[in-house]
Amino acid sequence: MPRHIFIYKLSIFAFLAAFFACTNVADRDGRRSCVCAVLDVGEGLAQICAINGAAIAFDVGDTFAGNQWASGYGRVGSPRINAIVISHTHQDHMGGLSHLPPALDFSGMIITHPYEDTAYIRKIAGQWRQDVYFKTIAQGDTIGGLEGVRVECIWPPRDINAEVPLDDTLKNRYSLCCILRYDNTSVIITSDVDTFSERTLAAQYGETLAADIIVVPHHGSAGSVDEVFYGYVNPSVAIISCGIANSYGFPTQKATDLLYQMKVTEMVTYSAGTIAAVSNGSYWTF
């Protein structure tokens, strides 16, 4: 079945209405819309997927991004956070745990993979709240808590040959990746994986990696561009989270050239701000 994306230039009113529709308003057939938002947190990554008043947060940006995260959270309707997924313990993905809103409606569950340092995550989160608890997932596991949305972990494998916790040089390579599917729509969240991870995923999953939207790996790093992987994902839209004029030069020319060659619509948080994709189960609107 062909995958469809519709992108609209929304007015401020329509933009906010689309956000609140994901958590508060039923579609005509009685079903709810699902929103997947990449928040504008500067040079970091923070995402929220929400439906019917419940959400999962995927990474939370850096320490300084607390206010930006809270702003994006409010714009998706301030849903209950059933889980916070920490892809890996680099500060630009998990430092914000220390500065989330004090009154955040949160279950306390933090999800990461078996090779990460949960003691360190607990220490950072403890600066915000003390009642957190952990669940670990790996390739093939699913995350519940979003009605009608299947969230499958596709990386890392459960049997990698590495010490726990991971050496810093391997944290990007084995950061958590997930595919979210809502009826005929899908988005792949790739954290900071490198070309080694991408090539392994391509070999293991092939065409089943196909997704309408990709959150581009590692902010558009040149070391995270594998043509075979991108070919299997075959996205219509690529979202890049990075800060304006950042010192890393993200997104790199290599990443943007590939997206251009594939005729993929590119959206970048430093110019577009928080980017929300709203699905009715058949197509996405932005």
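Computed over heavy atoms, backbone and side chain alike; hydrogens, waters and symmetry mates excluded.
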[atom1] of [X] to [atom2] of [Y]: how many Å apart, nearest 0.5 Å?
X      : Y      : atom1 : atom2 : value
Arg173 : Asp167 : CZ    : CG    : 11.5 Å
Arg122 : Gln130 : CZ    : CD    : 9.0 Å
Leu166 : Tyr174 : CG    : OH    : 8.0 Å
Thr89  : Lys123 : OG1   : NZ    : 12.5 Å
Asp141 : Ile154 : CG    : CD1   : 13.0 Å
Gln68  : Leu39  : CD    : CG    : 9.5 Å

What I'd like to find out is whether the side chain of [X] reaches to under 4.5 Å of the side chain of [Y], using heavy atoms alone.
X      : Y      : answer
Val216 : Tyr230 : yes
Cys49  : Leu146 : yes
Leu180 : Cys36  : yes
His218 : Asp194 : no
His90  : Asp168 : yes
His219 : Leu45  : yes
Val215 : Ile188 : no
Ile214 : Ile239 : no

What closest approach, in Å, do [X] and [Y] show between heavy atoms, and which atom pair accounts for it?
X      : Y      : value
Arg158 : Ile137 : NH2-C, 4.3 Å
Phe134 : Thr118 : CZ-O, 3.4 Å
Ile240 : Pro251 : CD1-CB, 3.8 Å
Ser236 : Val264 : O-CG1, 3.6 Å
Ala83  : Ser107 : N-OG, 4.1 Å
Cys242 : Tyr270 : O-CB, 3.3 Å

Is the side chain of [X] donor-acceptor paired with the backbone N or O of [Y] at a distance under 3.5 Å, no angle test?
X      : Y      : value
Asn234 : Gly231 : no
His113 : Tyr115 : yes
Arg181 : Val149 : no
Ser241 : Gly44  : yes
Thr112 : Ile86  : yes
Ser197 : Val193 : no
Thr136 : Pro114 : no
Ser98  : Gln127 : no
Tyr73  : Ser78  : yes
Trp155 : Leu201 : no

With hydrophobic residues grouped by side-chain heavy-atom distances under 4.5 Å, do [X] and [Y] end up in a single group?
X      : Y      : value
Met267 : Ile189 : yes
Leu258 : Phe196 : yes
Phe286 : Ile51  : yes
Ile179 : Val228 : yes
Trp69  : Ile121 : yes

| message | Would Tyr182 and Trp284 count as a ring pair (Phe, Tyr, Trp, His ring centres under 6.0 Å) here? Give the steps. | response | CA-CA 10 Å; Tyr182 182 54; Trp284 299 93; 8.0 Å; no
| query | Among Asn52, Thr285, Val278, whose side-chain contact (heavy atoms from CB on, under 4.5 Å) with Ser33 holds? | reply |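 Considering Asn52, Thr285, Val278, a side-chain contact (heavy atoms from CB on, under 4.5 Å) with Ser33 is found only for Val278.
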| note | Per side-chain hydrogen bond (donor to acceptor under 3.5 Å, both in side chains), His88 is matched among Asp192, Asp59, Asp117 by Asp192
| message | Set out, in order, the CA-CA distance, both residues' side-chain angles and the distance that settles side-chain contact (heavy atoms from CB on, under 4.5 Å) for Thr274 and Val38, then state yes or no. | response | CA-CA 6 Å; Thr274 289; Val38 180; over 6 Å; no
| said: Could you check whether atom CG of Asn246 has more than 12 heavy atoms from other residues, nucleotides or ligands sitting under 6.0 Å from it? | reply: yes
| request: Please assess Trp128 against Phe106 for the test side-chain contact (heavy atoms from CB on, under 4.5 Å), listing each intermediate value before the final yes or no. | output: CA-CA 12 Å; Trp128 163 52; Phe106 171 49; 3.2 Å; yes
| Criterion side chain to side chain donor-acceptor pair (under 3.5 Å) on Gln139 and Gln204, from CA distance to verdict | CA-CA 11 Å; Gln139 190 175 61; Gln204 292 179 344; 2.7 Å; yes
| query | Residues in salt bridge (charged side-chain N to carboxylate O under 4.0 Å, His left out) with Asp131, at least two apart? | reply |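 Counting only residues at least two positions away or on another chain, Asp131 forms a salt bridge (charged side-chain N to carboxylate O under 4.0 Å, His left out) with Arg129.
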| task | Assess the side chains of His93 and Asp62: does a donor N or O sit below 3.5 Å from an acceptor N or O? | result | no
| message | side chain to side chain donor-acceptor pair (under 3.5 Å) for Thr185 and Ser279? Distances and angles first, verdict last. | response | CA-CA 7 Å; Thr185 60; Ser279 169; 2.7 Å; yes
| field | Residues Ile143, Ile111; criterion side-chain contact (heavy atoms from CB on, under 4.5 Å); working and verdict | value | CA-CA 9 Å; Ile143 302 172; Ile111 297 174; 3.8 Å; yes
| Step by step, would you call Met94 with Ile124 a side-chain contact (heavy atoms from CB on, under 4.5 Å)? | CA-CA 8 Å; Met94 59 84 68; Ile124 299 300; 3.9 Å; yes
